[in-house]
Amino acid sequence: MDLSVLRGGFSTKIHLLTDWQGLPLGTVLSAGQRHESVFFTDLTGEVSVPRP
């Protein structure tokens, strides 16, 4: 599968948040022209961490 044509063409970025074992917890797709820090809160907002 060619990930470059999923959304937005060749400049699409895939932001992936993982746990300490490398298991994916959340993903966000963004345009390649935008800075990564803009999507940090969107990505962390997709994940909820259970607390004891």
Side-chain angles (χ1 to χ4, degrees):
M1 177 178 207
D2 186 8
L3 295 178
S4 65
V5 292
L6 282 178
R7 181 176 162 198
F10 290 106
S11 63
T12 301
K13 293 181 184 175
I14 301 172
H15 308 274
L16 180 65
L17 181 66
T18 65
D19 67 0
W20 64 277
Q21 294 177 318
L23 298 173
L25 301 174
T27 59
V28 173
L29 293 177
S30 68
Q33 301 87 335
R34 302 290 308 270
H35 194 271
E36 290 85 9
S37 64
V38 177
F39 299 98
F40 179 73
T41 55
D42 294 340
L43 187 56
T44 55
E46 287 195 13
V47 178
S48 62
V49 178
R51 304 281 179 179

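Hydrogens, waters and symmetry mates are skipped; everything else that's a heavy atom, side chains included, is used.
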I14 side chain reached by L29 side chain, heavy atoms, under 4.5 Å: yes

Going by side-chain hydrogen bond (donor to acceptor under 3.5 Å, both in side chains), name the pairs with one or both residues in residues 15-26, residues two or more places apart or in two chains. H15-S30

Residue pairs involving residues 23-33 (criterion salt bridge (Lys or Arg N to Asp or Glu O under 4.0 Å); sequence neighbours excluded): none

Out of curiosity, does F40 fall in the hydrophobic cluster containing L17 (side-chain heavy atoms, cut-off under 4.5 Å, transitive links)? no

